[in-house]
Enquirer: 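Take a look at the following structure, please.
Note that the coordinates shown come from a computational prediction; the quantities given were computed from them, not determined experimentally.
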Amino acid sequence: MDTQQKDLSYFKLRLKELLHTSFPEKAYDNKFIEQRSSWAANAYEGAFSSGNAIEQCNEIANYILFEGLHFSKFDTVFQVVCNEFDTIMADEELRPFALKIFPVCEPVFSGYELTDDFAYGYEFDLLYTEITGTIAIWIEENGLQ
């Protein structure tokens, strides 16, 4: 296996792990995964060829690999489920429930300008409250099924 292919596999695996964990809506977008992984591998190789230290090469590649993937809508929904509804379901049911309720909550996000640092702004509290309400209403109407 040549170095480029090895690097590409490494970046692809790292990106897939993040997507499966925090961005399930993108987890099976193979075109996105291939493109991002390729860009990151090329950036790493270019930075290394230019004489950058390994740490700098990794920073450059990671910036490209994870660009726009710092704020996760799913992680927000999962956080709300874990913090606000953990007393009404078992721990092992929290993530599956968050995955199920995620499409119901997704329209709420359209009312906010989501940036990579959104979770650190004052509007995050408003979003958190709105997501909590959306989930509570859904549970009231549909149960936990």
Enquirer: Quick one, Phe85 and Ile88 - any side-chain contact, counting heavy atoms below 4.5 Å?
Expert: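 Answer yes - side chains close enough.
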
Enquirer: Could you tell me whether the side chain of Tyr112 reaches within less than 4.5 Å of the side chain of Glu130, counting heavy atoms only?
Expert: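 Yes, their side chains come closer than 4.5 Å.
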
Enquirer: Out of curiosity, Tyr44 OH to Asn58 CG, how far, rounded to the nearest 0.5 Å?
Expert: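 Result: 5.0 Å between the selected atoms.
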
Enquirer: Once rounded to the nearest 0.5 Å, what's the spacing between atom NZ of Lys12 and atom CD1 of Ile33?
Expert: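 Answer for the NZ-CD1 pair, Lys12 versus Ile33, is 8.5 Å.
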
Enquirer: Any side-chain heavy atom of Tyr28 within less than 4.5 Å of one from Leu19?
Expert: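 When only atoms from C-beta onward are counted, Leu19 and Tyr28 do not touch, as no gap falls below 4.5 Å.
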
Enquirer: What is the distance from atom CG of Leu15 to atom CD of Glu34, rounded to the nearest 0.5 Å?
Expert: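 So the gap between those two atoms works out to 10.0 Å.
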
Enquirer: Quick check: does any side chain N or O of Asn52 sit under 3.5 Å from a backbone N or O of Cys57, one acting as donor and the other as acceptor?
Expert: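 Not at all, since once roles are kept as given, no pair shorter than 3.5 Å links the two residues.
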
Enquirer: For a 4.5 angstrom cut-off between non-hydrogen side-chain atoms, does Phe48 reach Ile60?
Expert: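 No - every pair of side-chain heavy atoms lies 4.5 Å or more apart.
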
Enquirer: With heavy-atom distances below 4.5 Å as the criterion, would you say the side chains of Val81 and Asp86 are in contact?
Expert: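 Not touching, per the 4.5 Å side-chain cut-off.
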
Enquirer: Quick check: are there more than 12 heavy atoms from other residues, nucleotides or ligands sitting under 6.0 Å from CZ of Phe32?
Expert: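 Enclosed: over 12 neighbouring heavy atoms sit under 6.0 Å from CZ of Phe32.
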
Enquirer: At what distance, to the nearest 0.5 angstrom, does CH2 of Trp39 lie from CD1 of Ile64?
Expert: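 The CD1 atom of Ile64 is 9.0 Å from CH2 of Trp39, to the nearest 0.5 Å.
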
Enquirer: Return the CZ to CZ distance between Arg36 and Phe66, rounded to the nearest 0.5 Å.
Expert: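 Those atoms lie 9.5 Å apart.
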
Enquirer: In the structure I gave you, are the side-chain heavy atoms of Thr134 and Val80 within less than 4.5 Å of one another anywhere?
Expert: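 The answer is no; the side chains never approach within 4.5 Å.
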
Enquirer: With clusters defined by side-chain heavy atoms of hydrophobic residues (ILVMFWY) lying less than 4.5 Å apart, directly or transitively, does Tyr120 cluster with Leu127?
Expert: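 Each belongs to a different hydrophobic cluster.
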
Enquirer: For atom CD of Glu17, decide whether the heavy atoms of other residues, nucleotides or ligands shown that lie under 6.0 angstrom number more than 12.
Expert: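 No, not enclosed.
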
Enquirer: More than 12 non-hydrogen atoms from neighbouring residues, nucleotides or ligands closer than 6.0 Å to CZ on Phe109, yes or no?
Expert: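 Count over threshold, so yes.
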
Enquirer: Taking side chain to side chain contact (heavy atoms under 4.5 Å, CB included) as the test, write out the residues that go with Asn83, two or more places apart.
Expert: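 Listed in chain order: Gln79, Tyr128.
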
Enquirer: Checking the side chain of Ser38 only, and the main-chain atoms of Gln35 only, is there a donor and an acceptor separated by less than 3.5 Å?
Expert: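 No, because the side chain of Ser38 does not come within donor-acceptor range (under 3.5 Å) of the backbone of Gln35.
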
Enquirer: Take Val104 and Ile101 through the test side chain to side chain contact (heavy atoms under 4.5 Å, CB included) and record every step on the way to the result.
Expert: CA-CA 5 Å; Val104 173; Ile101 199 74; 4.0 Å; yes

Enquirer: Would the distance check show the side chain of Glu93 and the main-chain N or O of Ala90 forming a donor-acceptor pair, the cut-off being under 3.5 Å?
Expert: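 Such a contact is found between Glu93 side chain and Ala90 backbone.
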
Enquirer: Please list every donor-acceptor pair under 3.5 Å in which a side-chain atom of residues 69-78 meets a protein atom from a residue at least two apart or in another chain.
Expert:
unit_1	atom_1	unit_2	atom_2	d
Ser72	OG	Ser22	O	2.3
Ser72	OG	Phe74	N	3.3
Ser72	OG	Asp75	N	2.9
Lys73	NZ	Glu106	OE2	3.3
Asp75	OD1	Ser22	OG	3.2
Asp75	OD2	Ser22	OG	2.8
Thr76	OG1	Ser72	O	3.0

Enquirer: How long is the gap from CZ on Phe124 to OG1 on Thr129, to the nearest 0.5 Å?
Expert: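 If I round to the nearest 0.5 Å, the distance is 9.5 Å.
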
Enquirer: Side chain to side chain contact (heavy atoms under 4.5 Å, CB included) between Asp29 and Lys31: does it pass, once the steps are laid out?
Expert: CA-CA 6 Å; Asp29 185 344; Lys31 182 178 178 184; 3.8 Å; yes

Enquirer: Honestly curious: do Ile137 and Leu126 fall in one hydrophobic cluster under the side-chain, below-4.5 Å linking rule?
Expert: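 Looking at the clustering, Leu126 is in a separate group from Ile137.
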
